[in-house]
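Reminder, nothing fancy here: chain letters follow the sequence lines and each chain counts from 1. These numbers come from the heavy atoms of this one structure, side chains and all, not from hydrogens, waters or symmetry mates.
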2 protein chains.
Amino acid sequence: MAASELDLEEPAEVDHIHDVAAARLRGTRQRYTSGRRALVRQLHDLHGPATISELQDGGSDSSTSSLYRNLAILEQCGVVHRVVAVDDTTRYELSEELSGHHHHLVCRNCGRVADLTLSDDVELALARAADQASRTSGFRVAAHNLEMVGTCEDCDPETA
Amino acid sequence: MAASELDLEEPAEVDHIHDVAAARLRGTRQRYTSGRRALVRQLHDLHGPATISELQDGGSDSSTSSLYRNLAILEQCGVVHRVVAVDDTTRYELSEELSGHHHHLVCRNCGRVADLTLSDDVELALARAADQASRTSGFRVAAHNLEMVGTCEDCDPETA
DNA sequence: TTACCTGCAAATGGTTTGCATCCCA
DNA sequence: TGGGATGCAAACCATTTGCAGGTAA
């Protein structure tokens, strides 16, 4: 990307994401403040869901309580999605509506989480499995999450 | 099942599970106490992963700290598996080695979690997806968890 | 007779909340 | 200029840990 080194946004998708976020907040009489905008921007730039402390280390200058509050508010309006991975840490990412449908790779050693997009035929198989589960279980299945658990390249002794 | 109404075990699988648990503990110089045995029995009898308070309500007479300690110890020797569902509650179940490979249905309203077994062809598709992810991502994928999220019959307004 | 196990109570740590202040629509 | 937003510090709550008995091998 040839974008500016500064904090200016890359126009295309990011602007759209900001527009959606602002609209969603306006809908409930809330404001798209600079802190919230920075948060959304940060979540967009990352390659996978981030923990609170990763967000703070990543340059967020909001207080911890504001981070939690804003993430909760953005989650309520469907802009942010909360993820709890096997290592028990809570992470946040943009909602699939904004980031596209995907799944996660989780490192069982360091807790790192990366996004993973499945091929269409696997997604189709999952959708059919969801239908079948709806029919046989009494649950009305609305979504599915797949987590592939393993060891990332940094933690894999075989790779080193 | 025509087993006794009392607390006597059903011989078949449960005995095997107790045997495995006892052996695993012995391997690390630990004891299969009555509290641990009761815990394993309780986890076996339930239809899905249970929370600490469900275990306590379900008749466990161990102290809370012993419950946590024993679940951690049993997890370390591969008898118990910890699950964190979307609603943030930590749950425990017998490991897949003892309960068989399965996935979970989660009610996004009440947090209830039920076991779900997928058809072989879906499992095959997932295994292939895991292979592909291993090849393309740098992660060495060792396991996968699928969570179907929806509304259980008790919480579904359409069903009522 | 040494370990291991248990229960109680205190400590921990991530997350939430109360409150006073700040600030934008 | 009023209602939301923020920061700080205190509160909360699930989980962990220290310690002083118990208990089994």
Side-chain angles (χ1 to χ4, degrees), chain A residues 18-19 21-42 49-77 79-93 111 113, chain B residues 18 21-43 49-77 79-93 111 113:
Chain A
H18 286 314
D19 289 348
R24 292 289 179 80
L25 288 168
R26 229 179 291 120
T28 53
R29 220 176 295 278
Q30 284 168 315
R31 299 171 190 162
Y32 198 41
T33 61
S34 59
R36 293 174 183 178
R37 191 182 185 88
L39 186 49
V40 166
R41 172 69 187 281
Q42 226 183 336
T51 63
I52 292 281
S53 59
E54 283 169 6
L55 292 169
Q56 291 176 316
D57 295 346
S60 169
D61 50 348
S62 295
S63 69
T64 306
S65 56
S66 288
L67 264 184
Y68 279 111
R69 266 193 284 236
N70 287 332
L71 287 166
I73 285 168
L74 290 167
E75 191 188 15
Q76 278 165 29
C77 42
V79 173
V80 160
H81 181 230
R82 190 191 338 193
V83 190
V84 182
V86 283
D87 75 328
D88 256 340
T89 57
T90 305
R91 292 170 177 270
Y92 300 86
E93 65 184 352
V113 180
Chain B
H18 285 314
R24 292 290 178 79
L25 287 168
R26 229 178 293 120
T28 52
R29 219 176 297 278
Q30 285 168 315
R31 300 169 189 162
Y32 197 41
T33 62
S34 58
R36 292 174 184 179
R37 190 181 187 87
L39 186 49
V40 166
R41 172 69 187 281
Q42 225 182 339
L43 291 174
T51 62
I52 292 280
S53 59
E54 283 169 6
L55 292 170
Q56 291 177 316
D57 295 347
S60 170
D61 49 349
S62 295
S63 69
T64 307
S65 57
S66 289
L67 264 184
Y68 279 111
R69 267 191 285 235
N70 287 333
L71 287 166
I73 285 168
L74 289 168
E75 190 188 15
Q76 278 165 29
C77 42
V79 173
V80 160
H81 180 232
R82 191 193 336 196
V83 190
V84 182
V86 284
D87 73 331
D88 255 339
T89 56
T90 305
R91 291 168 178 271
Y92 301 85
E93 64 184 353
V113 180

Minimal non-hydrogen separation, B/Val79 against B/Ala21, with atom names: CG2-CA, 3.9 Å
Below 4.0 Å: OP1/OP2 of D/dT15 and any side-chain N or O of B/Thr90: yes
Would you tell me if any nitrogen or oxygen in the side chain of B/Thr33 comes within less than 4.0 Å of OP1 or OP2 on D/dT23? no
Below 4.0 Å: OP1/OP2 of C/dC5 and any side-chain N or O of B/Arg36: yes
Regarding C/dC4, can its base be found pairing with the side chain of B/Arg31 as donor and acceptor, where the two atoms are less than 3.5 Å apart? yes
Identify whether any heavy atom of A/Thr64 sits under 4.0 Å from a base atom; if not, whether one sits that close to sugar-phosphate; answer base, sugar-phosphate or nothing. nothing
Would you call A/Arg91 and A/Glu54 a salt bridge, taking side-chain N to carboxylate O under 4.0 Å as the test? yes
A/Leu71 CG - C/dT17 P separation (whole Å): 15 Å
Closest to the A/Ser63 side chain, choosing from D/dG4, D/dA24, D/dG7: D/dG7
Contact class for A/Asp88 (heavy atom, under 4.0 Å): base, sugar-phosphate, or nothing? nothing
Interatomic distance where CD belongs to B/Gln56 and C1' belongs to C/dG7 [whole Å]: 13 Å
Tell me whether the OP1 or OP2 atom of D/dG7 has a side-chain N or O from A/Ser66 closer than 4.0 Å. yes
Identified side chain to side chain contact (heavy atoms under 4.5 Å, CB included) partner of A/Val80 from the options A/Leu74, A/Asn70, A/Ile73, A/Leu39: A/Leu74
Candidate list B/Thr33, B/Leu67, B/Leu71, test side chain to side chain contact (heavy atoms under 4.5 Å, CB included), partner B/Ser62, passing option: B/Leu67
Between D/dT6 atom C1' and A/Ile73 atom CD1, what is the distance in whole Å? 11 Å
Between B/Arg29 and C/dA3, is there a contact of a side-chain N or O with OP1 or OP2 at under 4.0 Å? no
If you take the centroid of each ring, where Trp contributes its six-membered ring, are A/Tyr32 and A/His18 closer together than 6.0 Å? yes
d(CG, B/Leu55; C1', D/dT15) in whole Å: 15 Å
Result for 5'-nearest mapping on DNA chain C, choosing between B/Ser65 and B/Thr28, is B/Thr28
Distance check needed: D/dT16 C1' versus B/Leu67 CG, whole Å only. 14 Å
Separation of B/Asp61 atom CG from C/dT6 atom P, in whole Å? 11 Å
Report yes if a donor N or O on one partner sits less than 3.5 Å from an acceptor N or O on the other, where the partners are the side chain of B/Arg69 and the base of C/dG7; otherwise report no. yes
What integer distance in Å separates B/Gln76:CD from C/dC4:C1'? 14 Å
Expressed in angstrom and rounded to an integer, what is the separation of B/Tyr68 atom OH from C/dA10 atom C1'? 16 Å
